[in-house]
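Start at 1 with the first residue, then count along the sequence.
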Amino acid sequence: MKVKEILEYTEYNVICGDINREVSIIKSDNRNLADESETIFFCIKGERFDAHSVIESIISSSVAALVVNCERDFYSDDELITISRTLNPDLVILSVKDTRYSYATAESNIIGRPQEQIKCIGVTGTKGKTTTAFMLRHIFDEKMNKSIMIGTNGTFIGQRQIESARTTPEPADLFQLIKNGTDEKMESLIMEVSSLGLKQSRVAGITYEYSCFTNLYRDHIGPGEHKDMDEYFACKLLIFNQSRNAIINNDMDRADEAKNYVLNATKAKLYTYGLSADSICRAENLQIAISEKGVSGTRFDIVSPWYNGSVFLGLPGEFNVYNALCAITVAGLEGVSFECLKRILADIEIPGRVQTVRNRLGADIRVDYAHNGASLEALLTAMRAYTSGKIIVVFGCGGGRSEERRKPMGVAAALYSDYAVVTTDNSRNEEPERIVGQILEGFTANGIREGEGRLEVILDRKCAIEKAVSLAQPGDMVLIVGKGHEKVQESAGKKVPFDDVLIAEAAAELIADKRERGKML
């Protein structure tokens with residue numbers, strides 16, 4: 001493709017060179033550059049490194065074209081022209097407002113803008129993205145049976161699953177996944193859109209038919225993420241700039257600001273959902289902690305322009321009612337029948353989200369992805385209504401992520417569980433003892449210390465799960481949280497196979513056998 005074709009849908013200024021020059025490779029990583037005579041290179045300023053600082057070495061690699069930010073800390077336009085004349089006379093240099101945005105649109109352009117061949121639905125928010133996306137996947141599979149889902153649990157193209165490293169993949173991976181789906185005749189794309197994905201313009205070039213904002217809690221604040229809540233919130237709102245319909249949780253923190261943003265700063269049509277009376281789609285008459293056909297969940301009445309009547313949601317907790325209302329709003333706009341919707345909500349199961357672990361102990365054992373204080377508190381308070389016995393929680397906190405998560409998780413466990421086993425999550429390159437120490441601050445702030453009957457520390461996660469399961473008696477609940485659907489554990493820079501569900505199942509089986517043998521003696 002010609003340089004000008006690669007940069008279609010991007011405003012740019014030509015500093016030097018011929019924009020009709022042909023290129024076939026797009027790069028944004030300056031490491032291991034060799035002969036790059038067919039490459040268009042995008043200089044991206046990251047959190048820790050600015051590629052503009054090494055422009056001379058990039059130009060020396062014989063790149064065909066170079067894209068830089070208009071506002072940059074290194075090399076003026078005149079300096080770039082002088083360097084190119086000396087090192088790479090045929091070089092094309094262009095400046096853009098945001099090289100991240102231009103890079104994403106270029107990756108889309110080079111493979112034919114596959115997102116334009118499919119209906120796109122985006123889900124953002126602090127919590128509930130995965131659950132809502134799974135609900136939407138079931139809705140669209142029922143309607144078309146041809147959907148792609150991209151998110152925390154990986155990518156699903158039809159029934160095929162592909163593992164992915166990020167909730168929202170980098171542009172080259174993202175658009176290739178979408179193209180793979182369109183090549184297989186998929187008709188809808190449901191994707192979780194993270195705040196960092198929006199901040200870094202990974203989804204630039206996608207127009208969402210529906211964009212959903214599930215909720216807003218304090219999270220992802222720290223080095224390499226967001227400097228404060230205002231930036232975090234502002235990044236979430238960016239999704240509505242590229243949306244036809246905006247769907248917002250009417251009861252979430254800063255909902256009024258989000259609605260005003262949609263109405264005043266975008267062209268999207270606004271819809272709201274929630275429990276409050278002024279929500280366009282709302283739930284009434286909630287019956288929490290009921291069981292139907294052996295499934296624990298919630299029954300409620302939907303009041304909306306599309307559906308009016310009672311439904312059973314096969315997932316526990318008020319927080320999942322909100323997730324369901326978000327999906328219900330999209331289903332209504334899509335014209336999904338009420339009978340179809342009721343069947344989907346009743347039968348929904350989501351890996352790693354309040355997932356049941358089968359056992360013979362008479363206990364309720366669940367695995368969940370809760371990985372910050374707000375989500376752990378919501379989980380523990382919701383599940384209290386579903387158990388007649390004790391709640392035993394096993395959790396840690398990930399390394400290399402916001403340290404602000406750690407103490408609040410300890411506070412939530414101290415306030416809302418009966419017994420806690422603090423352990424290792426994905427410590428990555430941090431010392432597990434340091435992470436655990438910060439979690440324990442939340443317990444000590446509430447007068448709870450290890451060895452006093454409500455708390456213990458077992459760093460080995462497998463041993464911690466086994467201990468928690470061994471404590472469970474009939475009627476008790478064990479909640480194993482933090483990793484959810486994940487199949488590996490990362491520590492000291494290494495990843496090893498690790499599945500909370502399988503470990504809990506094996507532990508429960510061994511303990512059940514021991515108890516049965518004990519009764520026989």
List the residues meeting side-chain contact (heavy atoms from CB on, under 4.5 Å) with Thr423, not counting sequence neighbours, and say none if there are none. Val394, Arg461, Ala464
In terms of side-chain heavy atoms, does Glu486 have a donor or acceptor partner in Asn426 at a distance below 3.5 Å? yes
Thinking salt bridges, do Asp29 and Arg31 make one under a 4.0 Å N-O criterion? yes
Between Gly181 and Ile148 the two heavy atoms that sit nearest each other are CA-CD1, 3.5 Å
Could you check Lys494 against Glu490 for salt bridge (Lys or Arg N to Asp or Glu O under 4.0 Å), going step by step and ending with a plain yes or no? CA-CA 5 Å; Lys494 296 180 181 179; Glu490 185 178 356; over 6 Å; no
Given 3.5 Å as the limit, does a donor-acceptor pair link the side chain of Tyr217 with the main chain of Asp253, or not? no
Do any N or O atoms from the side chain of Ser211 and from the backbone of Tyr208 form a donor-acceptor pair under 3.5 angstrom? no
Is Glu339 salt-bridged to Arg343, going by a charged N under 4.0 Å from an acidic O? no
Can the positive tip of Lys342 be found less than 6.0 Å from the middle of the six-membered ring of Phe338, inside 45° of the ring normal? yes
Under the 3.5 angstrom rule, does the side chain of Tyr307 hit a backbone N or O of Ala331 as a donor-acceptor pair? yes
Treating Asn320 as the side-chain partner and Asn323 as the backbone partner, does any N or O pair qualify as donor plus acceptor under 3.5 Å? no
Measure the shortest side-chain to side-chain distance between Val488 and Val496 over non-hydrogen atoms and say whether it is less than 4.5 angstrom. no
Taking only Lys NZ, Arg NE, NH1 and NH2, and the carboxylate oxygens of Asp or Glu, determine whether Glu403 and Arg434 approach each other closer than 4.0 Å. yes
Lys/Arg N to Asp/Glu carboxylate O, Glu47 vs Lys199, below 4.0 Å: yes
side-chain contact (heavy atoms from CB on, under 4.5 Å) between Ile288 and Tyr386: does it pass, once the steps are laid out? CA-CA 9 Å; Ile288 300 292; Tyr386 292 86; 4.0 Å; yes
Please evaluate residues Lys483 and Tyr369 with respect to the criterion side-chain contact (heavy atoms from CB on, under 4.5 Å), reporting the C-alpha separation (whole Å), side-chain torsions for both, the decisive distance (0.1 Å), and the verdict. CA-CA 5 Å; Lys483 287 171 55 58; Tyr369 190 56; 5.7 Å; no
Evaluate the side-chain contact (heavy atoms from CB on, under 4.5 Å) criterion for residues Ile25 and Ile110: first the C-alpha distance (whole Å), next the side-chain angles of each, then the deciding distance (0.1 Å), finally the verdict. CA-CA 9 Å; Ile25 300 168; Ile110 203 166; over 6 Å; no
CD/Gln161: more than 12 non-hydrogen atoms of other groups inside 6.0 Å: yes
Name the residue from Ile280, Asn249, Asp251 that meets the side-chain contact (heavy atoms from CB on, under 4.5 Å) definition with Thr272. Ile280
Are the charged groups of Lys146 and Glu184 less than 4.0 angstrom apart, N to O? no
Using a 3.5 Å distance criterion without hydrogens, assess whether the side chain of Thr214 forms a donor-acceptor pair with backbone atoms of Lys127. yes
Under a plain distance cut-off of 3.5 Å, with no hydrogens placed, do Thr130 and Glu192 share a side-chain donor-acceptor pair? yes
Is there a side-chain contact between Arg244 and Thr207 (heavy atoms, below 4.5 Å)? yes
Assess Arg100 against Phe42: is NZ or CZ under 6.0 Å from the centre of the six-membered ring, and within 45 degrees of the ring's axis? no
Is any side-chain heavy atom of Ser147 closer than 4.5 Å to a side-chain heavy atom of Glu187? no
Give me the ring orientation class for Phe134 and Phe156: parallel if the planes are under 30° apart, tilted from 30 to 60°, perpendicular past 60°. perpendicular
Can you tell me how the ring of His226 sits relative to the ring of Tyr232, calling it parallel under 30°, perpendicular over 60° and tilted otherwise? tilted
Atom CD1 in Ile121, atom CG in Leu333: separation rounded to 0.5 Å? 11.0 Å
Looking at Asp219, is its backbone amide N or carbonyl O close enough to the side chain of Ser402 to form a donor-acceptor pair, meaning the two atoms are under 3.5 Å apart? no
Can any side-chain N or O of Lys269 pair as donor or acceptor with the backbone N or O of Ala246 at less than 3.5 Å? no
Start with the C-alpha distance between Val469 and Ile511, add both sets of side-chain angles, then the distance that settles side-chain contact (heavy atoms from CB on, under 4.5 Å), and finish with yes or no. CA-CA 8 Å; Val469 172; Ile511 293 161; 3.6 Å; yes
Check step by step if ring pair (Phe, Tyr, Trp, His ring centres under 6.0 Å) holds for Tyr261 and Phe213. CA-CA 12 Å; Tyr261 181 84; Phe213 197 156; over 10 Å; no
To the nearest 0.5 angstrom, please state how far the CD1 atom of Ile344 sits from the CD1 atom of Ile348. 7.5 Å
Carboxylate-amine/guanidinium contact Asp183 Lys179, below 4.0 Å: yes
Validation row: Arg366, Thr356 side chains within 4.5 angstrom (heavy atoms): yes
Looking at Arg360 and Asp513, is any side-chain nitrogen of the basic one under 4.0 Å from a carboxylate oxygen of the acidic one? yes
Identify whether NZ of Lys or CZ of Arg in Lys487 sits under 6.0 Å from the centre of the six-membered ring of Phe498 and within 45° of that ring's axis. no
Close side-chain approach of Met186 to Thr182, heavy-atom, < 4.5 Å: no
Between Arg406 and Gln438, is any side-chain donor less than 3.5 angstrom from a side-chain acceptor? yes
So, for Ser417 and Ala420, which heavy atoms are closest and what is the spacing to 0.1 Å? OG-CB, 4.1 Å
Donor-acceptor pair, distance only, cut-off 3.5 Å: does the side chain of Ser243 make one with the backbone of Asn245? no
Side chains of Ser24 and Glu38: is there a donor and an acceptor less than 3.5 Å apart? yes
Which heavy atom of Cys397 sits nearest a heavy atom of Ile435, and at what distance? O-CG2, 3.3 Å
Side chains of Lys119 and Ser188: is there a donor and an acceptor less than 3.5 Å apart? no
For residues Arg299 and Ser310, is any side-chain donor paired with an opposing acceptor at under 3.5 Å? yes
From OG1 (Thr298) to CD1 (Ile290), nearest 0.5 Å: 7.0 Å
Between Thr329 (side chain only) and Leu325 (backbone N and O only), is there a donor and an acceptor less than 3.5 Å apart? yes
Is it true that Arg384 and Glu318 have a side-chain N and a carboxylate O under 4.0 angstrom from each other? no
With heavy-atom distances below 4.5 Å as the criterion, would you say the side chains of Phe41 and Leu33 are in contact? yes
Do Phe240 and Ile248 come within less than 4.5 Å of each other through their side chains, counting heavy atoms only? yes
Would you say the side chain of Leu479 lies within less than 4.5 Å of the side chain of Asp368, judging by non-hydrogen atoms? no
Glu349, CD: over 12 other non-hydrogen atoms inside 6.0 angstrom: no
Keeping His485 on the side-chain end and Thr152 on the backbone end, is there a donor-acceptor pair under 3.5 Å? yes
Where Leu459 and Pro432 come nearest, the two heavy atoms and their spacing: CD2-CB, 4.3 Å
Closest non-hydrogen atom pair between Cys281 and Ile302, with its separation: SG-CG2, 4.3 Å
Sidechain N-carboxylate O distance under 4.0 Å for Arg358, Glu505: no
Atom of Cys212, atom of Cys326 and distance for their closest heavy-atom approach: CB-SG, 3.3 Å
Polar side chain donor-acceptor pair, Ser296 to Ser291, under 3.5 angstrom: no
